[in-house]
Structures are given as C-alpha cells and as structure tokens.
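Shown next, in structure tokens, is the structure this report addresses.
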Amino acid sequence: MVRVNDAASHPEVYTIGRISTEFFLRGFEVVGQIQEDILGGMIVMTLLGEGLAEGGGSEPMGIRELARRLDIPFETVRRQVRKLVRKGACHAEDGGICLDPSIRRAERTNAMLRKIYLEAGRMLDGLRRIKVGHYRPPRSPSHSARTLSKEQTSVVLASIRLLLAAMKAMRGFFDGDLMTGLVFTAIRAANVKHITNTTPGANRDVLPDSDRRPVSIMAISNSMKFPYETVRRHAGKLIRQGMCIRVGHDGMIVPASVFRKMPVEAGVVVQLVLGFMEALRASGVKV
C-alpha cells in the first residue's frame with residue numbers, strides 16, 4: 001500500500017479528498033441506519049462483509065476478533081453484541097457471533113448493499129474524471145434484483161472494508177470521538193457538494209472559503225438521521241476547537257485553514273482510497 005507521506009504529496013490529494021468524502025458520508029449514513037447506534041451498525045456491517053467474502057455464508061466471529069478489526073475495546077464490543085443478540089440481529093454460535101439469516105436475506109439489507117455499490121460507483125466515476133482510475137460500472141443493480149453480480153459484490157465488499165477503515169481512522173483523528181468525526185465529515189461534504197458533483201477537478205488545491213457553501217445543523221441532522229441536539233452538541237465542540245466556523249445565519253463551514261493543518265489526515269484518506277482501488281484490481285475489477 002502507498003505510504004501516508006507519499007499519499008499526502010499526491011497531486012490530486014485535495015480532489016481525492018473531496019470526492020471520497022461524499023462517498024464516506026453516504027456510506028456512514030447507511031451504516032448508521034442499520035441499527036439504532038453507529039457501533040451496532042459497524043458490527044453488523046463487519047459481519048455482512050465477512051458473509052460476502054465467504055460467498056454468502058457466515059462463519060462465527062469471536063468478539064475479540066471483532067474488537068480487533070474495529071479497533072474498539074473488547075468490553076465495548078461485548079456489550080454491543082449482547083444488545084444485537086437481544087434484538088435478534090445476531091446470534092451466538094460456536095463461541096462466536098453470527099448475523100441472523102433473516103438480516104442477511106432482508107430486502108432492507110439488499111437495498112443497503114445496492115446503495116453502497118451505487119455510491120462507490122459515483123466515487124469511482126469522480127476519480128475517473130480526475131484521471132485517477134478508469135472505472136465505468138457495467139450496469140446499476142436494479143431495485144428488484146435479489147443478488148448482486150460478481151463484480152458488484154467485489155465492489156461492495158471492498159467498499160465495506162473501506163468504510164470501516166475510514167471510521168477507524170476518523171476515531172484516531174478525533175481522539176476516539178467517532179460522532180464528532182461524523183458531524184465534521186457531514187459539514188465538510190455539504191460545503192463542497194456543489195463542486196464535487198459537477199466539476200471535481202476544477203481546483204486541485206484547497207478550496208477557498210468563498211467557494212464553500214454553509215450548511216445548517218438542521219440540514220446535517222436530516223441528512224445523517226441524527227437527533228438535532230446530538231448534531232448541535234458536536235458541531236459546538238468543533239466550533240470551540242476551531243475546526244468549524246459559523247457564517248452569519250447561514251450555517252457552518254470547515255474553513256480552508258483547517259485543511260492546511262491536516263496534511264497527515266489528507267494523506268491517510270488518499271492512502272485508503274488508493275488501497276481500495278488496489279483491492280478491486282486484486283479481485284479482478286478493472287479500475
């Protein structure tokens with residue numbers, strides 16, 4: 001995998017960051033909607049990814065292995081697993097934990113996997129437009145399709161691993177506070193969405209504040225399906241830390257000065273995205 005220092009000096013480091021942030025945001029939304037809290041969603045997503053890797057089956061995974069993969073304390077994962085078992089989302093088997101078959105077969109799960117595929121396709125198309133890769137999805141999964149094609153499954157599996165790796169990295173960026181990181185990501189993505197979706201390669205540098213569109217707490221709450229007070233609290237924390245600023249009554253932006261102070265974080269994002277593309281190539285997907 002590309003080293004972080006090399007990734008940070010990539011000529012498209014900021015454009016890759018803008019394009020991938022939109023994917024992370026939409027992917028995090030999916031993870032958060034799987035269960036009532038984000039950690040439960042991460043556990044279910046990990047087990048889903050394991051099932052995809054095994055061709056649809058699901059071997060039991062020990063709690064210690066789950067904790068290792070998620071980089072979350074064992075006791076925290078154990079408590080969350082107990083909740084998932086009580087809800088019927090998972091069940092204990094052979095000293096490990098398995099996703100309940102009803103969850104794997106549910107239309108909601110199928111729709112979630114299709115959404116992840118579509119969002120990954122959008123990210124890969126954005127990367128193609130800035131000449132980082134050349135992926136063109138053969139076709140989009142129909143809403144009535146019960147299964148994904150082999151290539152689509154490879155993209156979804158690599159995407160799940162990318163999302164979980166991004167969440168792990170984000171916890172490191174924000175001193176273990178994943179929710180603050182999610183709110184930061186949502187603000188950051190919303191500020192530049194109009195550029196990411198139209199001309200992602202128009203500016204290879206950090207975008208000036210004048211090009212960033214403010215976003216309200218209510219808009220972030222609605223987008224992420226997080227309670228308004230939760231978003232307000234974490235947005236307030238970001239403002240106190242100087243990572244976001246208010247722009248009159250219009251909302252908040254992550255100013256350009258913050259990105260100038262985050263070269264390592266930018267390098268990690270590029271490293272994750274390039275690693276994702278390497279994983280796709282290894283699985284036979286032409287990117």
Side-chain angles (χ1 to χ4, degrees), residues 17-45 70-73 76-77 79-80 83-84 87 112 115-116 119 163-197 206-262 265-266 268-269:
R18 289 195 290 271
I19 292 167
S20 61
T21 296
E22 182 69 19
F23 166 74
F24 291 143
L25 176 62
R26 300 307 162 204
F28 295 160
E29 286 179 5
V30 171
V31 175
Q33 291 166 18
I34 296 174
Q35 292 294 318
E36 294 176 359
D37 58 68
I38 198 75
L39 178 54
M42 291 170 69
I43 291 172
V44 171
M45 186 69 80
L70 297 173
D71 193 30
I72 293 173
T76 302
V77 174
R79 286 195 300 271
Q80 189 64 47
K83 291 181 183 178
L84 292 171
K87 292 177 181 177
M112 179 195 70
K115 180 173 175 56
I116 290 175
E119 295 300 336
L163 288 169
L164 293 172
M167 286 186 165
K168 180 177 177 179
M170 190 183 299
R171 288 179 64 248
F173 297 161
F174 290 89
D175 297 323
D177 190 340
L178 180 59
M179 186 59 70
T180 296
L182 292 173
V183 172
F184 175 86
T185 299
I187 296 170
R188 170 185 180 177
N191 291 162
V192 298
K193 185 180 179 68
H194 59 293
I195 291 176
T196 303
N197 291 347
V206 175
L207 292 176
D209 291 353
S210 58
D211 285 347
R212 299 177 187 275
R213 292 182 178 174
V215 62
S216 69
I217 290 173
M218 182 61 74
I220 296 298
S221 174
N222 291 338
S223 171
M224 298 294 289
K225 305 296 188 295
F226 290 155
Y228 177 88
E229 281 302 315
T230 298
V231 176
R232 185 186 65 80
R233 185 170 64 254
H234 289 278
K237 179 179 178 180
L238 290 166
I239 290 171
R240 290 192 298 275
Q241 292 174 338
M243 300 192 73
C244 290
I245 59 174
R246 295 189 187 279
V247 181
H249 296 291
D250 296 327
M252 303 163 292
I253 65 168
V254 179
S257 59
V258 168
F259 295 103
R260 300 284 185 195
K261 298 173 183 176
M262 300 176 70
E265 290 83 351
V268 169
V269 170

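All residue numbers refer to positions in the sequence shown, counting from 1. Keep in mind that what you see is a predicted model, and the values were worked out from it rather than measured.
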Quick one: [atom1] on [X] to [atom2] on [Y], what's the gap to the nearest 0.5 Å?
X      : Y      : atom1 : atom2 : result
Leu84  : Ile43  : CG    : CD1   : 5.5 Å
Met170 : Leu163 : CE    : CG    : 9.5 Å
Ile217 : Asn222 : CD1   : CG    : 12.0 Å
Arg212 : Arg188 : CZ    : CZ    : 8.5 Å
Lys225 : Glu29  : NZ    : CD    : 6.0 Å
Phe173 : Leu178 : CZ    : CG    : 12.0 Å

With heavy-atom distances below 4.5 Å as the criterion, would you say the side chains of [X] and [Y] are in contact?
X      : Y      : answer
His234 : Leu182 : no
Val231 : Met224 : no
Met45  : Met42  : no
Thr185 : Phe174 : no
Lys168 : Leu70  : no
Ile220 : Phe226 : no
Ile38  : Met167 : yes

Practice item. Report the C-alpha distance between Glu22 and Arg26 in whole Å, list the side-chain angles of each, state the deciding distance to 0.1 Å, and finish with yes or no for salt bridge (Lys or Arg N to Asp or Glu O under 4.0 Å). Key: CA-CA 6 Å; Glu22 182 69 19; Arg26 300 307 162 204; 3.1 Å; yes
**Study point:** Least distance between heavy atoms, Asn191 atom then Ile253 atom
**Key:**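 That would be OD1-CA, 3.1 Å.
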Review point. With respect to Cys244, which candidate in Ile239, Val215, Val258 satisfies the side chain to side chain contact (heavy atoms under 4.5 Å, CB included) definition?
Key: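 One option only clears the test, and that one is Ile239.
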Check your understanding: Does the pair Met243 and Ile187 meet the rule for a side chain to side chain contact (heavy atoms under 4.5 Å, CB included), with working shown?
Key -> CA-CA 10 Å; Met243 300 192 73; Ile187 296 170; over 6 Å; no
Exercise for review: Decide, yes or no, whether a salt bridge links Lys115 with Glu119 under the criterion of side-chain N to carboxylate O below 4.0 Å.
Suggested key: yes
